[in-house]
Structure formats: C-alpha cells, structure tokens
J.: 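Once you've had a glance at the structure underneath, I'll fire off some questions.
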Amino acid sequence: QVQLVESGGGLVQAGGSLTLSCAASGIIFSITAMGWYRQAPGKQRELVADISSSGRPNYGDFVKGRFTISRDNAKNTVYLQMNSLKPEDTAVYFCSSWSPPSWGQGTQVTVSS
C-alpha cells in the first residue's frame, strides 16, 4: 500500500521560504518519478515540479527559479524548497508518485502579504 506523507507547510510572509517534504512508503522509491502539485481554492490542480528517478527536475512555468525539487533515495523522500514566496503561491501542495500513481493528503501553504 502506497503512502505519501507531506510535511513542512505553514504560514509565511511574502518573500519568505519553506521546505516541503514527502516521505514515501510502499513503493520502490528509487525507480519512480515524483512530483509536487498545488491547488488553490477555485482553481485546478497544477504541476509545481517533478523529478525523474535519475534526479532530473522539471518545473512549472510560474516557478521561475524560485523553487527547487530534490530527492533522497536513501530516505525515500522528495523535497520542495520554496524561496521568494508570493501570496499567489498560497495553496494546498500535494506530493505524487508516478509508479504506481498515488497522491498524498496535501499540506497547506499560506503566504501573507
């Protein structure tokens, strides 16, 4: 049974930073791509970043160098370092796995102006 558990969300002022973590279990972590998505109220879920099994990152256009996705295969964990946060980054952030496809429960990120 796949479990993806996000942590690290919270309230931060504009311009601040947060690091999200996603601990995975029940999957062969090292061979699957992982990703972070977000969903703001009234909006569709969108890709923030994903990372291949070999560590190659891919980012949503809105990231513009502010976020960094990384993974630690020894810890079965994927991270999202978020800098220069803006109020429009406020959303629930979800961790996802590609194989098998699965979602975490999400962690709330709120950026105040």
Side-chain angles (χ1 to χ4, degrees):
Q1 181 177 345
V2 180
Q3 266 198 316
L4 303 176
V5 180
E6 302 99 334
S7 61
L11 173 64
V12 64
Q13 289 188 330
S17 299
L18 281 175
T19 298
L20 305 183
S21 300
C22 171
S25 61
I27 60 174
I28 305 176
F29 184 82
S30 62
I31 65 171
T32 181
M34 299 291 296
W36 286 98
Y37 286 74
R38 71 183 188 184
Q39 188 165 19
K43 294 189 176 181
Q44 288 190 328
R45 193 170 295 191
E46 62 180 348
L47 174 70
V48 178
D50 57 41
I51 186 166
S52 71
S53 58
S54 62
R56 183 177 67 250
N58 173 58
Y59 296 98
D61 289 342
F62 61 86
V63 170
K64 298 186 187 300
R66 298 183 297 129
F67 299 173
T68 302
I69 189 171
S70 61
R71 63 190 297 158
D72 185 337
N73 288 345
K75 295 182 178 180
N76 284 10
T77 300
V78 61
Y79 304 96
L80 184 68
Q81 171 69 43
M82 303 186 292
N83 299 323
S84 302
L85 283 161
K86 306 174 183 179
E88 51 263 45
D89 293 318
T90 294
V92 179
Y93 284 70
F94 296 90
C95 176
S96 69
S97 63
W98 262 239
S99 181
S102 188
W103 294 93
Q105 292 299 305
T107 186
Q108 176 70 47
V109 171
T110 303
V111 184
S112 63
S113 56

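Worth knowing before you read on, the calculation uses all heavy atoms, side chains too, and leaves out hydrogens, waters and symmetry mates.
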J.: Any chance you could measure Q3, atom CD, to C95, atom SG, to the nearest 0.5 Å?
T.: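 Atom-to-atom, Q3:CD and C95:SG are 12.0 Å apart.
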J.: Hey, is the main chain of T90 close enough, under 3.5 Å, to the side chain of T110 for a donor-acceptor pair?
T.: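 Between the backbone of T90 and the side chain of T110 there is no qualifying donor-acceptor contact (under 3.5 Å).
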J.: Would you say V111 and V92 are hydrophobically clustered, going by side-chain heavy atoms of ILVMFWY under 4.5 Å?
T.: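 Each belongs to a different hydrophobic cluster.
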J.: When you compare the side chains of N58 and R56, does any donor N or O come within less than 3.5 Å of an acceptor on the partner?
T.: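 No, because no side-chain N or O of N58 sits under 3.5 Å from a partner of the opposite role on R56.
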J.: I'd like to know if the side chain of E6 reaches the main chain of Q105, judged simply by a donor and an acceptor atom lying under 3.5 Å from each other, with no hydrogens or angles considered.
T.: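 Present.
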J.: Specify the closest pair of heavy atoms between S30 and S53, including all atoms of both residues, with the distance to one decimal.
T.: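 Heavy atoms of S30 and S53 come nearest at O-CB, 3.4 Å.
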J.: Any idea which heavy atoms bring C22 and L4 closest together, and the distance?
T.: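 It is SG-CB, 3.9 Å.
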J.: Which pair of heavy atoms, one from P87 and one from A14, lies closest together, and at what distance?
T.: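 Of all heavy-atom pairs spanning P87 and A14, the closest is CD-CB, 4.1 Å.
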J.: Among pairs that include at least one residue of residues 76-85, which meet side-chain hydrogen bond (donor to acceptor under 3.5 Å, both in side chains), considering only residues two or more places apart or in two chains?
T.: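 Listed by first then second residue: S17-N83, T19-Q81, Q81-N83.
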J.: Can you hop from M82 to Y59 via hydrophobic side chains spaced under 4.5 Å?
T.: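 Yes, M82 and Y59 fall within the same hydrophobic cluster.
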J.: Count the heavy atoms belonging to other residues, nucleotides or ligands that lie under 6.0 Å from CG of L11, then report whether that count exceeds 12.
T.: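 Enclosed: over 12 neighbouring heavy atoms sit under 6.0 Å from CG of L11.
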J.: Is Y37 linked to V78 within one hydrophobic cluster, defined over Ile, Leu, Val, Met, Phe, Trp and Tyr using a side-chain heavy-atom separation of less than 4.5 Å?
T.: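 In one cluster with Y37: V78, no.
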J.: Do the side chains of M34 and V2 join up, straight or via other hydrophobic residues, at under 4.5 Å, putting them in one cluster?
T.: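 Yes: a chain of side-chain contacts under 4.5 Å links M34 to V2.
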J.: Could you pull out all residues at least two apart from V48 that satisfy side chain to side chain contact (heavy atoms under 4.5 Å, CB included)?
T.: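 For V48 the side chain to side chain contact (heavy atoms under 4.5 Å, CB included) partners, ignoring immediate neighbours, are W36, R38, F62, V63, F67, L80, Y93.
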J.: Are W98 and F94 co-members of a hydrophobic cluster defined by side-chain heavy atoms under 4.5 Å apart?
T.: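 Both belong to a single hydrophobic cluster.
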J.: As an exercise, state the distance from OG of S52 to CZ of R71, rounded to the nearest 0.5 Å.
T.: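 Going from OG on S52 over to CZ on R71, the span is 7.0 Å.
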J.: Looking only at heavy atoms, which two atoms of I27 and P100 are closest? And how far apart?
T.: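 Smallest heavy-atom distance, with atoms named: CG2-CD, 3.6 Å.
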